2 protein chains.
Amino acid sequence: MVGGIRHYEMRKRNRALVISAVRKAGQCSRTQIARLTDLSQSTISAIASDLLDEKIMRQAGQGEATPARRGRPQVAIELNPEAASAVCVYLSFNNLSAALVDYCGRVIERQDTRLSTLDVGQRELMDLAASTIRSLIGNRDNVLRVVLAVQGITDSDGHELLWSPITPHNHVPFGPALEEIFGLPVIVQNDCNMIAAALRWHDPQRYGDNFAAILLSDGIGMGLMLNGRLFTGTHSSGGEFGHMIHEPNGALCRCGRQGCIEAYAGTYAIWRKAHGRSPMEEPVADTEPEHMGALARCARSGDERALEAFNEAGQAIGFGIGSLFALVDPAPIVIVGQGTTAMDILEPAIRRALARTAGGQDAVDIPIETEREEIPLVQHGCAMTALTGIDNDIFGPAQRAETNAARSVTRKSVA
Amino acid sequence: MVGGIRHYEMRKRNRALVISAVRKAGQCSRTQIARLTDLSQSTISAIASDLLDEKIMRQAGQGEATPARRGRPQVAIELNPEAASAVCVYLSFNNLSAALVDYCGRVIERQDTRLSTLDVGQRELMDLAASTIRSLIGNRDNVLRVVLAVQGITDSDGHELLWSPITPHNHVPFGPALEEIFGLPVIVQNDCNMIAAALRWHDPQRYGDNFAAILLSDGIGMGLMLNGRLFTGTHSSGGEFGHMIHEPNGALCRCGRQGCIEAYAGTYAIWRKAHGRSPMEEPVADTEPEHMGALARCARSGDERALEAFNEAGQAIGFGIGSLFALVDPAPIVIVGQGTTAMDILEPAIRRALARTAGGQDAVDIPIETEREEIPLVQHGCAMTALTGIDNDIFGPAQRAETNAARSVTRKSVA
DNA sequence: GCTCTTTTTTTCGAGCCTCGAAAAAAAGAA
DNA sequence: TTCTTTTTTTCGAGGCTCGAAAAAAAGAGC
């Protein structure tokens with residue numbers, strides 16, 4: 001049962017709606033907000049004046065074009081960058097990149113650390129995250145949220161890292177541990193979900209309510225946007241596209257099972273195949289981007305084994321997308337990351353396989369986009385996740401908790 | 001953009017919440033409703049008295065136990081069965097079952113028709129549906145909705161039947177055509193989704209916010225409940241579990257492609273395999289339930305080929321569930337329909353395969369339930385879909401459209 | 001430079017809705 | 001018959017949105 005709705009909720013949602021409209025538009029006059037939100041002028045006036053009073057928004061310096069029209073000029077308001085800030089951390093293989101962003105999403109400070117993720121203890125891993133966050137926070141008092149993206153499987157509540165290829169430890173409780181230290185909400189998220197979130201912010205035209213972002217690197221990850229929402233599993237972050245079954249009882253996967261898509265399309269799998277190794281050989285721990293580039297060049301210049309390896313990878317991905325499309329059809333598809341450097345070889349194989357599936361009946365029409373760099377996307381996704389979280393959970397509810405309390409106290413003491 | 005919330009919406013949702021609470025509970029006093037909805041006594045009092053005035057609810061004849069406690073006795077209210085009614089139609093292979101249900105979901109009248117769905121023209125198919133609905137409606141004026149469940153793929157808006165194994169016609173526009181005739185909202189839905197909806201109403205304890213219902217008959221269908229909502233594709237009804245790929249380039253499926261799960265686990269596939277036919281042989285049009293029962297008995301009494309056929313089917317289903325669980329983990333699983341008669345043979349094979357997938361890591365723990373009869377489930381699902389639709393869309397919005405109009409007219413004419 | 005027109009923003013009163021407290025209602029208990 | 005207990009209704013207060021009117025802030029015209 002959802003529970004009833006009161007005035008408080010109504011105001012909260014309308015406030016959040018206004019904030020969201022301004023966040024999307026960048027700058028916005030009250031009249032425009034009214035049009036965007038379908039609320040009346042008077043309501044917008046009231047909400048906007050509250051938000052300005054609370055310093056969540058501020059009047060925008062009249063930027064560029066004042067088209068010199070007749071009538072009272074619109075005064076644009078915008079998010080106040082100092083209203084809040086958030087820390088975004090991305091933990092991936094041998095790398096920790098963190099950033100402090102202001103309330104508008106602009107990066108204030110950045111910090112990158114190399115480490116050997118496979119060799120580091122669970123304690124150290126969490127300590128490293130904590131010290132990075134601490135140094136970014138410094139003595140700021142307006143940091144309201146931390147978002148930690150990790151390569152791997154997280155729980156659906158955003159508390160823990162359940163399993164990851166980058167560390168031998170399971171159930172790493174980043175969320176609770178860091179919340180304890182900093183007294184802030186900490187959200188742990190799968191990196192591919194953050195990529196999907198970022199893409200939607202970058203280009204809402206192309207990446208609208210439905211699309212899938214597939215990250216091709218060591219492992220295969222996926223972020224799925226369905227009906228305008230990030231799709232997550234019921235217990236875990238879900239969307240483990242790389243571990244759908246491609247060949248029952250097939251090649252050995254890094255996860256220890258057999259026949260996963262990743263066991264054909266992960267960089268280690270391509271490397272294994274191209275070097276003529278057995279599909280049951282233990283995956284190598286790390287494949288350098290340069291090696292993969294070289295392999296792609298081999299394939300292009302006619303090396304049969306290399307070509308075959310990429311074809312097999314493309315086939316696995318294509319059939320996988322086909323199975324995914326049988327369940328839900330999230331066109332377009334975006335391929336992200338290192339794997340995109342070989343897209344000229346992969347894409348034909350993907351489309352060939354896709355065309356042979358029920359889900360991919362109109363395979364020709366399915367747009368497949370590419371994005372080379374995943375790290376900036378992950379960070380931007382974290383930032384927007386943190387900030388919209390602040391919008392909805394903190395700035396949405398009217399900031400009158402104290403005022404209200406004060407008022408009722410006043411009333412009582414007067415009476 | 002969702003658009004802002006006004007008082008009207010607030011009341012609408014709270015009314016819908018009250019109706020939903022009463023629908024779930026059967027009978028309910030105002031005090032209980034207040035507790036269930038977390039709204040105040042006064043609000044419930046107001047809403048309840050409106051709903052009674054509008055004859056959407058009625059006072060319940062004090063059913064059984066009046067536990068003779070002190071104090072003013074609770075007066076229970078319940079849905080007024082005559083507030084509305086709905087027509088539910090289920091079109092499946094060679095069969096059309098329809099029912100008229102009252103606002104409480106009780107069947108008032110039923111009508112079943114046998115036909116040869118494969119041989120009937122598109123026009124005739126729609127005419128048959130229309131005449132069945134017409135005869136059920138009779139001269140009632142409180143029929144507010146029609147829900148048509150079909151075996152096959154429907155569009156996500158619930159307007160059309162896009163593709164179905166039971167008819168050669170594609171894009172059959174049941175929705176618009178019937179709406180045109182009867183002037184009522186008509187919703188076209190996939191049968192497995194209706195099964196999932198029904199199971200949730202039947203046993204919300206067991207089938208809660210997350211579960212998957214898999215229908216094993218000629219084809220393989222699935223209804224997926226995720227986070228308390230029926231999962232549908234973005235363009236089509238989605239959840240075409242049967243057409244996820246089991247073996248790339250594998251056995252011939254009824255859909256014309258190769259290697260779909262259905263091509264191993266549909267009754268025609270089991271029949272084909274058990275009779276030693278080639279996996280590329282054209283699927284037979286129809287397999288009688290009796291044949292399948294006989295086949296299962298053969299397998300039980302040691303017929304190798306039959307046993308192998310069922311094992312292969314179980315394996316396809318198991319790996320499919322594993323792939324599904326990689327994306328999302330909707331435990332428990334319910335197997336529905338004819339296929340359940342062979343569950344003693346299928347289940348071990350399913351679990352063996354499932355255990356070999358990443359998604360099914362805890363395969364032992366995943367509960368697999370069975371439900372033999374699908375038709376009653378589909379009909380009940382249609383009924384609840386129709387009725388909750390009426391609750392939300394028609395009875396939720398305050399019934400004061402005319403009153404308001406009248407009022408404002410009065411005011412104006414007075415002024 | 002002053003007035004007129006146009007557009008945006010704020011203000012104000014009305015109406016709707018929820019809530020808490022008090023009153024009313026409807027029983028059993030004494 | 002009166003007291004106690006529990007449910008339901010009533011009533012006034014407060015919060016929120018809305019439409020209409022007023023105020024504000026420009027350019028246009030002379």
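Chain A is the first sequence line, chain B the second, and so forth, proteins listed ahead of strands; every chain is numbered from 1. All of these numbers come straight from a predicted model, not from anything done at the bench.
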Q: Nearest-Å distance, CD1 (A/I47) to P (D/dG15)?
A: 15 Å

Q: Considering only side-chain heavy atoms of B/T31, which listed nucleotide, D/dT9, C/dT18, D/dT7, is closest?
A: D/dT7

Q: For every nucleotide of nucleotides 21-30 of chain C, 5' to 3': is a protein heavy atom under 4.0 Å from its base (B), only from its sugar-phosphate (S), or from neither (-)?
A: ---BBBBBS-

Q: Tell me: CD1 of B/I33 to P of D/dT9, nearest whole Å?
A: 10 Å

Q: At how many degrees, to 10°, do the end axes of the helix from C/dG1-D/dC30 to C/dA30-D/dT1 meet when each uses five pairs?
A: 20°

Q: Whole angstroms only, please: what is the CG-P distance between B/D50 and D/dT9?
A: 11 Å

Q: What nucleotide, of D/dC18, C/dT9, D/dT8, holds the atom closest to the side chain of B/V75?
A: D/dT8

Q: In this structure, how many angstroms lie between the C1' atom of C/dT10 and the CG atom of A/D53, rounded?
A: 13 Å

Q: Using whole Å, what does the distance between atom C1' of nucleotide C/dC19 and atom CD1 of A/I5 come to?
A: 16 Å

Q: Partners of B/R200 by salt bridge (charged side-chain N to carboxylate O under 4.0 Å, His left out), sequence neighbours excluded?
A: B/D209

Q: By the ring-ring contact (aromatic ring centres under 6.0 Å, His included) test, which pairs, at least two apart or in different chains, include something from residues 10-59 of chain A?
A: none

Q: Nearest-nucleotide wise, let me know which of B/Q74 and A/S40 is further upstream toward the 5' end of DNA chain D.
A: B/Q74

Q: Can you tell me how far P of C/dT18 sits from CG of B/D38, to the nearest Å?
A: 13 Å

Q: Would you classify A/S45 as touching base, sugar-phosphate or nothing, given that sugar-phosphate means primed atoms plus P, OP1 and OP2, and contacts are heavy atoms under 4.0 Å?
A: base

Q: Mind checking what makes side-chain contact (heavy atoms from CB on, under 4.5 Å) contact with B/A86, not counting sequence neighbours?
A: B/V101, B/A386, B/L387

Q: Do NZ/NE/NH1/NH2 and the carboxylate oxygens of A/E9 and B/R13 come within less than 4.0 Å?
A: no

Q: Taking CD from B/Q59 and C1' from D/dT7, how many angstroms apart are they, rounded to a whole number?
A: 13 Å

Q: I'd like to know if A/H7 reaches the base of D/dC16 with its side chain, counting only an N/O donor and acceptor under 3.5 Å.
A: no

Q: When the distance from CZ of A/R13 to P of D/dT17 is rounded to whole Å, what number comes out?
A: 13 Å

Q: If you look only at pairs with a residue in residues 72-84 of chain A, which of them pass as a salt bridge (Lys or Arg N to Asp or Glu O under 4.0 Å), with sequence neighbours excluded?
A: A/R58-A/E78

Q: Restricting to salt bridge (charged side-chain N to carboxylate O under 4.0 Å, His left out), what partner residues turn up for A/D157, sequence neighbours left out?
A: none

Q: Side-chain contact, heavy-atom cut-off 4.5 Å: B/N142 with B/Y103?
A: no

Q: Ignoring backbone atoms, test whether A/N14 places a side-chain nitrogen or oxygen under 4.0 Å from the OP1 or OP2 oxygen of D/dT17.
A: yes

Q: With a 4.0 Å cut-off, would you call A/D391 and A/R145 a salt bridge?
A: no

Q: Residues two or more places apart in sequence or in another chain: which of them pass salt bridge (charged side-chain N to carboxylate O under 4.0 Å, His left out) with B/D155?
A: none

Q: With sequence neighbours excluded, tell me which residues meet salt bridge (charged side-chain N to carboxylate O under 4.0 Å, His left out) with B/R30.
A: none

Q: Identify, between A/R6 and A/S29, the residue whose nearest nucleotide on DNA chain C lies closer to the 5' end.
A: A/S29

